Amino acid sequence: PGIVAVSFNTPDLAAQRQRLVQARVPFNEAEGRIVVPAEEASGIAVVFDIDHKHARPSVLAATSDR
């Protein structure tokens, strides 16, 4: 078996977190990323990471200490 995952960059990780909470999608957080486990996403781990290129300045300021 191999590891199967897909990764998405998002300009606002907090907003993505809120969407997952509202949709009742289980997730974990590690190293500044949100990870939906494969068993919760049809066998594919889904990773959300901050898109530093397109993030709003307030979002970057909140994540600069990571």
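The structure presented is a predicted model; accordingly, all values stated were derived computationally and were not measured.
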Stepwise side chain to side chain contact (heavy atoms under 4.5 Å, CB included) test for Asp49 and Phe8: CA-CA 6 Å; Asp49 199 356; Phe8 296 98; over 6 Å; no
What residues form a side-chain contact (heavy atoms from CB on, under 4.5 Å) with [X], not counting sequence neighbours?
| X | answer |
| --- | --- |
| Pro37 | Asn28, Glu39, Glu40 |
| Ala14 | Asp12, Arg17 |
| Val4 | Ile44 |

Distance, nearest 0.5 Å, that separates CG of Leu20 from CD1 of Ile34: 6.0 Å
Atom pair OG1 (Thr10) and CD1 (Ile50), whose distance is rounded to the nearest 0.5 Å: 6.5 Å
Please list, chain by chain and in numerical order, all residues satisfying ring-ring contact (aromatic ring centres under 6.0 Å, His included) with Phe27, sequence neighbours excluded. none
So do the side chains of Val46 and Val35 get within less than 4.5 Å of each other, counting heavy atoms only? no
Decide whether Gln16 and Arg19 meet the rule of one side-chain donor and one side-chain acceptor closer than 3.5 Å. yes
Where is the tightest heavy-atom contact between Leu13 and Gly32, given as atom of each residue plus distance? CD2-O, 3.1 Å
